[in-house]
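Please read all numbers here as calculations on a predicted model, not as lab measurements. Here is how names work: the chains are called A, B, and so on, in the same order as the sequence lines, proteins then strands, and each is numbered from 1.
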Protein chains: 2
Amino acid sequence: MQIMAVHDAMDVLNGKWRISILAVLCYRNKRRFSDILADVDGISNKMLSKELKDMEVNQLVTRTVLDTQPITVQYELTEYGQELQTVIKNLSAWGAKHRKKIIGK
Amino acid sequence: MQIMAVHDAMDVLNGKWRISILAVLCYRNKRRFSDILADVDGISNKMLSKELKDMEVNQLVTRTVLDTQPITVQYELTEYGQELQTVIKNLSAWGAKHRKKIIGK
DNA sequence: CGGCATCCTTCTGGATACTG
DNA sequence: CAGTATCCAGAAGGATGCCG
């Protein structure tokens with residue numbers, strides 16, 4: 001039933017950083033490792049690397065090595081990962097509302 | 001911007017159990033402590049108690065002590081918490097899709 | 001029944017340094 | 001630049017027992 005479905009979704013999305021990383025890729029499209037590192041406030045390269053690898057395995061993002069000097073690596077949402085855009089946008093809308101409520105204005 | 005909003009939302013929703021608990025209250029409405037304990041697969045009473053308390057502080061759920069014998073306690077989403085229904089339903093839809101993809105079937 | 005306290009293990013994730 | 005490796009502190013969270 002639906003409760004289990006939510007649980008299944010969270011299996012893939014849980015963790016301190018996952019959804020933030022997805023949000024970056026959702027709103028900014030193609031993005032290099034160091035860009036994401038800068039976009040996601042507070043994440044360490046170790047965590048970013050780990051989370052991206054996990055999400056690649058789960059087929060939410062693709063990893064592309066670009067033949068630049070020095071090498072850069074680009075990440076983007078897969079078509080499948082893009083199916084999460086609705087979720088992310090809802091979350092973003094709610095988060096903005098919540099921020100106002102908590103911080104006051 | 002939106003990425004920060006997503007981060008803010010996750011501040012409140014993060015953790016292994018939060019969203020599952022919210023999903024229960026979202027789909028089942030009023031629910032007693034022991035019911036939720038049964039609905040959320042694998043959670044311990046310690047965790048449930050802690051998470052519910054946190055969410056009460058964050059004004060996502062209300063706690064009502066019922067004058068039964070023995071005492072029972074009922075939880076339900078606040079109006080504010082209900083604003084998360086969209087998110088939860090999207091998550092549920094995606095989770096169901098994801099489950100099919102992973103488990104095959 | 002709901003929930004707190006204690007104990008104890010596992011997991012998370014930060015800091016730092018190193019490599020191709 | 002994009003990682004990987006190591007070390008380690010602290011948080012998460014399970015098991016169990018107790019209490020009103």
Side-chain angles (χ1 to χ4, degrees), chain A residues 6-8 10-25 28-58 60-78, chain B residues 3 6-25 28-58 60-78:
Chain A
V6 172
H7 186 271
D8 289 340
M10 291 318 290
D11 253 20
V12 192
L13 302 178
N14 224 335
K16 196 175 174 182
W17 304 112
R18 295 267 168 92
I19 296 197
S20 291
I21 296 169
L22 287 171
V24 168
L25 295 176
R28 301 239 218 264
N29 266 44
K30 295 184 205 297
R31 214 71 182 144
R32 292 184 312 152
F33 187 88
S34 50
D35 294 333
I36 306 174
L37 202 55
D39 290 336
V40 179
D41 194 56
I43 198 171
S44 64
N45 62 346
K46 169 183 159 186
M47 276 300 109
L48 181 55
S49 170
K50 174 178 160 284
E51 301 292 12
L52 283 170
K53 208 186 290 177
D54 279 5
M55 296 172 83
E56 201 191 346
V57 170
N58 280 306
L60 295 176
V61 305
T62 53
R63 177 179 183 277
T64 315
V65 177
L66 301 181
D67 193 14
T68 51
Q69 190 50 245
I71 280 174
T72 54
V73 182
Q74 188 173 79
Y75 291 88
E76 66 185 306
L77 291 182
T78 59
Chain B
I3 294 170
V6 171
H7 187 271
D8 289 340
M10 291 318 290
D11 252 20
V12 193
L13 302 179
N14 223 336
K16 196 174 172 182
W17 305 112
R18 295 269 167 92
I19 296 198
S20 291
I21 296 169
L22 287 171
V24 168
L25 295 176
R28 302 238 217 265
N29 267 42
K30 295 183 204 300
R31 213 71 182 144
R32 291 184 314 151
F33 186 88
S34 49
D35 293 333
I36 306 174
L37 201 55
D39 290 337
V40 179
D41 195 56
I43 197 171
S44 65
N45 62 347
K46 169 183 160 186
M47 276 302 108
L48 181 55
S49 170
K50 175 178 158 284
E51 301 292 11
L52 284 170
K53 205 187 290 175
D54 280 6
M55 296 171 85
E56 200 192 344
V57 170
N58 280 306
L60 296 176
V61 305
T62 54
R63 177 179 184 277
T64 314
V65 177
L66 300 181
D67 194 13
T68 51
Q69 190 48 248
I71 280 172
T72 54
V73 182
Q74 187 174 79
Y75 291 88
E76 65 186 307
L77 292 181
T78 59

- So salt bridge (charged side-chain N to carboxylate O under 4.0 Å, His left out) across residues 62-76 of chain A, not counting sequence neighbours, yields A:Lys30-A:Glu76

- Task: Identify which one of A:Asn29, A:Leu22, A:Leu60 satisfies the side-chain contact (heavy atoms from CB on, under 4.5 Å) criterion when paired with A:Leu77.
- Result: A:Leu22

- Task: Could you list all the side-chain hydrogen bond (donor to acceptor under 3.5 Å, both in side chains) pairs where at least one residue sits in residues 45-54 of chain B, not counting sequence neighbours?
- Result: B:Arg18-B:Glu51, B:Arg18-B:Asp54

- Message: Reading DNA chain D in the 5' to 3' direction, which nucleotide is the first one with an atom under 4.0 Å from a heavy atom of chain B, and which is the last?
- Response: D:dG13 to D:dA15

- Message: I'd like to check the salt bridge (Lys or Arg N to Asp or Glu O under 4.0 Å) partners of A:Asp8; sequence neighbours left out, ordered by chain and number.
- Response: B:Arg99

- Message: I'd like to check B:His7 versus A:Asp41 (side-chain heavy atoms, cut-off strictly below 4.5 Å). Are they in contact?
- Response: no

- Message: Base, sugar-phosphate or nothing for B:Lys50? Non-hydrogen atoms, less than 4.0 Å.
- Response: nothing

- Are side-chain heavy atoms of A:Arg28 and B:Ile3 found at a separation under 4.5 Å? yes

- Ignoring backbone atoms, test whether B:Arg63 places a side-chain nitrogen or oxygen under 4.0 Å from the OP1 or OP2 oxygen of C:dG3. yes

- Task: Nearest whole angstrom, please: distance from the P of C:dC1 to the CG of B:Leu52.
- Result: 16 Å

- Heavy-atom pair of closest approach, residues B:Asn14 and A:Gly15: ND2-O, 3.3 Å

- Proximity to DNA chain C (any heavy atom under 4.0 Å), residues of residues 64-74 of chain A only: none

- So which of residues 34-48 of chain B are in contact with DNA chain C, with a heavy-atom cut-off of under 4.0 Å? B:Ser34, B:Asn45, B:Lys46

- Look at atom CG of B:Leu66 and say whether more than 12 heavy atoms of other residues, nucleotides or ligands are closer to it than 6.0 Å. yes

- Does any non-hydrogen side-chain atom of B:Ile21 lie less than 4.5 Å from one of B:Ile43? yes

- Over how many whole Å does the gap from B:Tyr75 atom OH to C:dC1 atom P extend? 15 Å

- So how far is it from B:Ile36 CD1 to B:Tyr75 OH, rounded to the nearest 0.5 Å? 7.0 Å

